[in-house]
Amino acid sequence: MNLLGVIRKNWGQLLTICGIFALMIVLSCLWAVSNARQYMTLNAEEMLQVAEERLQGRIRESEVTLFNTANSLIQQQLHRGFNAEETREYLREIHRELSHSEYNLGYFNIFWYMPRPEGMVFISGSDWEPPPEYEPEKRPWYFAADAIPGHSAITAPYIEWKEGINAVTMALRLRGGGGEDFGILGIDLSVARLAQFALSFQFERGGYGYLIGPSLEPDKLCFIAYPDSRYAGLPMRGLGPQYAALEERLKQGTEALSSVTLKNANNVPVIAFYRRTINGWYMGLAFPRDGYFHDLYVNIFVFVLSGIVLMLVLCYFIVNLSMDKLQSDEENQAKSSFLAQVSHEIRTPLNSILGMSEIILRKDISPDLYENVSIIRQSGDILLSIINNILDFSRIEIHRIQIENHPYQLSSMINDVVNIIRLGLAGKPVDFFVDVAGDIPVELLGDEAKVRQLLINLLNNAVKYTRQGYIKLLVRKGAADSDELRLLFSVEDTGIGIRQEDLGRLFRDFTRLDRERNSHIEGAGLGLAIAASFCKALGGGISVESVYGEGSIFTAEVRQGVGKGGTTLQLRESGMRVVVYEDRSLYLEFLLRAFNALGIDPESSPDLSSFVSALEGGDFDYAFVASRYAADCVAAWEGAASPAKLFVMAETDFDAGFRSAGRVHLPLYSCSLANILNGVPGPENNSRRTDRFAFMAPDARVLVVDDLSTNLRVAEELMR
Ligand code: ADP
């Protein structure tokens with residue numbers, strides 16, 4: 001078998017393995033990516049939290065300074081009146097303090113723009129005197145201070161006049177207790193310094209922080225701080241559609257931590273995280289996407305690679321194993337066909353041996369010779385049954401089992417089986433009882449040969465493994481489902497029984513149990529294996545109960561169809577009156593069962609004399625008597641000219657010699673009894689010992705065709 005063939009045979013399995021691996025890889029990758037993202041988000045959140053707290057702290061500090069200064073200035077103003085020098089000195093002091101504070105976060109000026117009777121005065125802590133063209137009313141801080149009265153406000157970043165740097169101003173409009181206006185107090189902060197800490201975050205592989213806030217142009221956002229000067233301070237929507245979209249999102253007011261993927265100033269894709277801080281700005285951090293995921297990608301690559309290698313190795317092993325198995329299957333098949341061939345070949349000469357011994361047995365020969373040839377015949381029969389089993393078995397092996405579906409008569413099949421088994425029991429002190437339920441349809445649809453073989457195998461075993469006692473065959477109808485019939489066969493014997501621990505392997509091929517004890521019994525250990533596979537093929541099963549040393553019960557179930565009409569056994573006449581005499585209780589029990597199955601309730605005589613008087617009384621249509629008492633009643637029956645038809649129930653080898661009375665073979669059961677009561681010739685007329693009287697056709701012209709001369713000779717002799 002070539003590789004491609006093996007793969008084609010196993011493609012389902014291989015595909016499943018590949019599918020499972022692919023699924024595993026995809027799920028693992030998804031899991032790893034989601035884990036990495038989660039980790040990254042957590043990290044970003046933590047960093048932004050810290051940064052925000054620091055920023056808040058600094059802004060609050062400036063705010064506190066602003067309010068404190070405002071308070072002092074208003075107090076001074078109210079208590080001591082306005083003194084420009086004193087005020088300037090006070091602001092200078094604060095300026096010095098703030099400039100040298102180690103927490104200085106970009107502070108570079110404090111100023112007061114206040115109304116005086118002589119006009120507005122601008123006093124700055126850094127001693128800056130505004131030039132004449134400086135118009136305070138047009139500065140950003142002037143508008144910001146009035147945006148939220150009574151609160152400090154931060155302007156959007158703008159270019160500060162004096163230093164020319166990017167700055168924001170925290171401004172507060174001062175009001176006295178009576179609502180009088182004390183102008184605006186402002187603190188200038190350098191944006192560059194303010195943003196420095198955000199930019200100073202240490203990230204792996206090129207990460208950076210940024211701040212987004214309102215730009216000076218109304219209603220627009222810009223990067224207040226950004227590591228690349230090409231972007232810092234510019235309105236976001238001027239930076240491309242991705243940034244414009246981000247601006248839109250920010251304007252809708254995103255509170256929680258969010259992220260977007262966009263290209264930065266160097267056209268590198270970055271993952272940008274951002275969150276809103278309390279002064280309404282957005283603080284964020286970004287890092288190059290590929291850099292961050294680099295390790296993850298490497299891990300995933302290694303994982304996928306090892307997954308694929310593992311999958312290929314697994315597939316390789318499966319293909320290899322399957323190749324071995326297919327090869328051994330092929331060899332097994334070859335062996336089985338050889339076995340089938342050989343068995344078939346053996347059967348042909350064996351049939352000649354059997355045929356010839358039969359011919360010799362029919363001749364007038366001396367008792368000695370008769371006995372010797374009988375032994376040849378019996379041994380041949382045993383050999384034939386073994387060979388038949390082997391043939392069946394090898395057929396099962398080669399073709400699987402092919403089920404036929406033809407109409408057949410249950411009764412004739414059972415009759416065949418009973419005749420074969422009865423002959424096998426000849427001379428053995430084993431009674432054979434058969435009980436076929438009366439509610440089973442006469443004609444069945446199915447595989448007669450297999451059902452027959454199944455029964456023969458079970459009954460043959462019962463015969464082989466039972467030395468004394470009885471064998472019972474029960475045929476029952478199981479609960480019907482759909483239009484099929486469940487047939488139950490049970491074969492009970494009082495044989496050697498089977499050990500409990502052996503029951504499990506009973507139905508395996510070539511199993512023979514208890515070898516020492518059974519060494520004298522022929523068999524190949526195939527009978528039950530064949531029976532079991534037939535049962536299975538016929539939609540049923542087989543089971544066994546056994547007590548070691550006491551006996552066994554095999555129960556087989558098969559499904560068969562119901563033939564035309566589906567009628568059960570019918571008698572030609574109804575209301576038959578029957579009397580029986582049998583004093584062995586088991587025999588009587590089965591005899592009554594047979595009658596009951598046909599709807600007849602016979603009278604059972606308690607002793608011979610009452611049976612004889614019943615015969616003479618003339619009240620019965622039929623009378624059945626055990627062969628042991630035949631001699632005693634036939635004469636009385638003949639003398640009384642009784643209208644009853646008398647039948648002697650005979651054991652196999654019983655030759656009654658009463659030509660006037662009828663003779664029926666035991667076991668008697670519903671089918672055979674129906675034949676007798678309906679006047680159909682019984683099986684006893686076909687039995688081997690009486691064949692020669694049954695059929696004569698001296699003028700018949702017969703054509704016999706066979707390619708074996710021995711077969712032709714056997715046929716010729718038998719017909720002669
Ligand atoms: P065999 O050809 O040896 O009879 P089977 O497959 O028919 O092969 O039976 C397998 C074994 O099961 C027999 O060898 C025998 O030991 C045991 N066995 C089968 N039927 C019976 C039975 N009715 N009573 C006791 N043992 C049985």
Side-chain angles (χ1 to χ4, degrees), residues 336 339-340 343 346-347 350 378-397 401 417-418 420-425 428-434 450-475 488-538 540-558 667:
S336 299
L339 213 58
S343 322
I346 293 175
R347 265 206 319 192
L350 192 57
Q378 272 165 20
S379 311
D381 275 337
I382 292 169
L383 191 56
L384 188 62
S385 99
I386 292 178
I387 290 192
N388 278 341
N389 268 351
I390 294 179
L391 195 61
D392 277 336
F393 174 74
S394 34
R395 280 196 189 129
I396 292 173
E397 286 262 284
I401 307 171
V417 172
V418 169
I420 292 169
I421 297 307
R422 214 181 40 187
L423 287 172
L425 277 174
K428 241 186 177 186
V430 175
D431 298 327
F432 183 28
F433 300 104
V434 178
K450 293 215 169 51
V451 179
R452 182 195 292 123
Q453 183 74 46
L454 159 70
L455 283 181
I456 290 178
N457 284 9
L458 293 183
L459 285 165
N460 257 344
N461 278 351
V463 173
K464 280 198 294 189
Y465 298 105
T466 307
R467 285 196 205 100
Q468 59 190 35
Y470 61 77
I471 296 171
K472 290 178 185 171
L473 165 66
L474 305 186
V475 184
L488 293 169
F489 300 102
S490 112
V491 175
E492 180 181 343
D493 65 45
T494 51
I496 58 171
I498 300 158
R499 287 196 181 92
Q500 210 60 28
E501 62 268 27
D502 288 335
L503 290 179
R505 55 196 183 97
L506 201 57
F507 299 104
R508 291 191 206 148
D509 303 341
F510 304 108
T511 299
R512 306 210 65 208
L513 310 172
D514 231 351
R515 279 180 188 264
E516 328 74 69
R517 245 179 99 179
N518 296 336
S519 56
H520 59 287
I521 298 174
E522 298 80 7
L526 287 175
L528 288 182
I530 292 168
S533 44
F534 281 1
C535 281
K536 202 170 149 210
L538 293 172
I542 190 166
S543 61
V544 58
E545 288 164 52
S546 186
V547 178
Y548 190 59
E550 290 186 17
S552 322
I553 305 177
F554 285 84
T555 309
E557 182 193 322
V558 299

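Side chains are part of it too, since the values below use all heavy atoms of this structure and drop only hydrogens, waters and symmetry mates. Every number for a ligand or one of its atoms is a count from 1 in the order of the listing.
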Ranked by distance from atom 12 (O) of ligand 1, the top protein heavy atom is L506 CD1, 3.3 Å
Dump the intermediate steps for side chain to side chain contact (heavy atoms under 4.5 Å, CB included) on L473 and I421, then the final yes or no.
CA-CA 11 Å; L473 165 66; I421 297 307; over 6 Å; no
If you measure every N or O of L528 against every N or O of ligand 1, does any of those distances drop under 3.5 Å?
yes
In the protein, which heavy atom is nearest to atom 3 (O) of ligand 1, and how far is it?
R512 NE, 2.6 Å
Do other residues, nucleotides or ligands put more than 12 heavy atoms under 6.0 Å from the NZ atom of K428?
yes
Determine whether the side chain, the backbone, both or neither of I496 has a heavy atom under 4.0 Å from any heavy atom of ligand 1.
side chain
Under 4.0 Å between heavy atoms, the region of L526 that gets near ligand 1 turns out to be backbone
Whether T466 side chain and V463 backbone form a donor-acceptor pair below 3.5 Å
no
N457 (side chain) donor-acceptor with G527 (main chain) under 3.5 angstrom
yes
CD of E492 to CZ of F554: how many Å apart, nearest 0.5 Å?
12.0 Å
Ligand 1 and F554, any nitrogen or oxygen pair closer than 3.5 angstrom?
no
Measuring from atom CZ of R347 to atom CG of L391, what distance do you get when rounded to the nearest 0.5 angstrom?
5.0 Å
Going by heavy atoms, is S552 under 4.0 Å from ligand 1?
yes
For atom 10 (C) of ligand 1, the closest protein heavy atom turns out to be T511 O, 3.0 Å
protein heavy-atom neighbour closest to atom 21 (C) of ligand 1 works out as Y465 CD1, 3.6 Å
Pick out which of L459, N461, T494 makes a side chain to side chain contact (heavy atoms under 4.5 Å, CB included) with I471.
L459
Interatomic distance, CG@N388 vs CD1@I346, rounded to 0.5 Å, equals 11.5 Å
For G525, the atoms of ligand 1 under 4.0 Å from one of its heavy atoms are 1 (P), 2 (O), 3 (O), 6 (O), 8 (O)
So, the side chain of D493 versus the backbone of S552: is there a donor-acceptor pair under 3.5 Å, distance only?
yes
Nearest-0.5 Å distance, CG of residue L506 to CG of residue L513:
5.5 Å
Ligand 1 to K464, heavy atom cutoff 4.0 Å, flagged ligand atoms 1 (P), 2 (O), 4 (O)
Provide, to 0.1 Å, the distance between atom 23 (N) of ligand 1 and the closest protein heavy atom, together with that atom's residue and name.
D493 OD2, 2.8 Å
Using a 4.0 Å heavy-atom threshold (strictly under), name the region of I498 that reaches ligand 1: side chain, backbone, both or neither.
side chain
Option set L459, N461, L513, criterion heavy-atom distance to atom 16 (O) of ligand 1, minimum
L513
N or O pair under 3.5 Å between G527 and ligand 1
yes
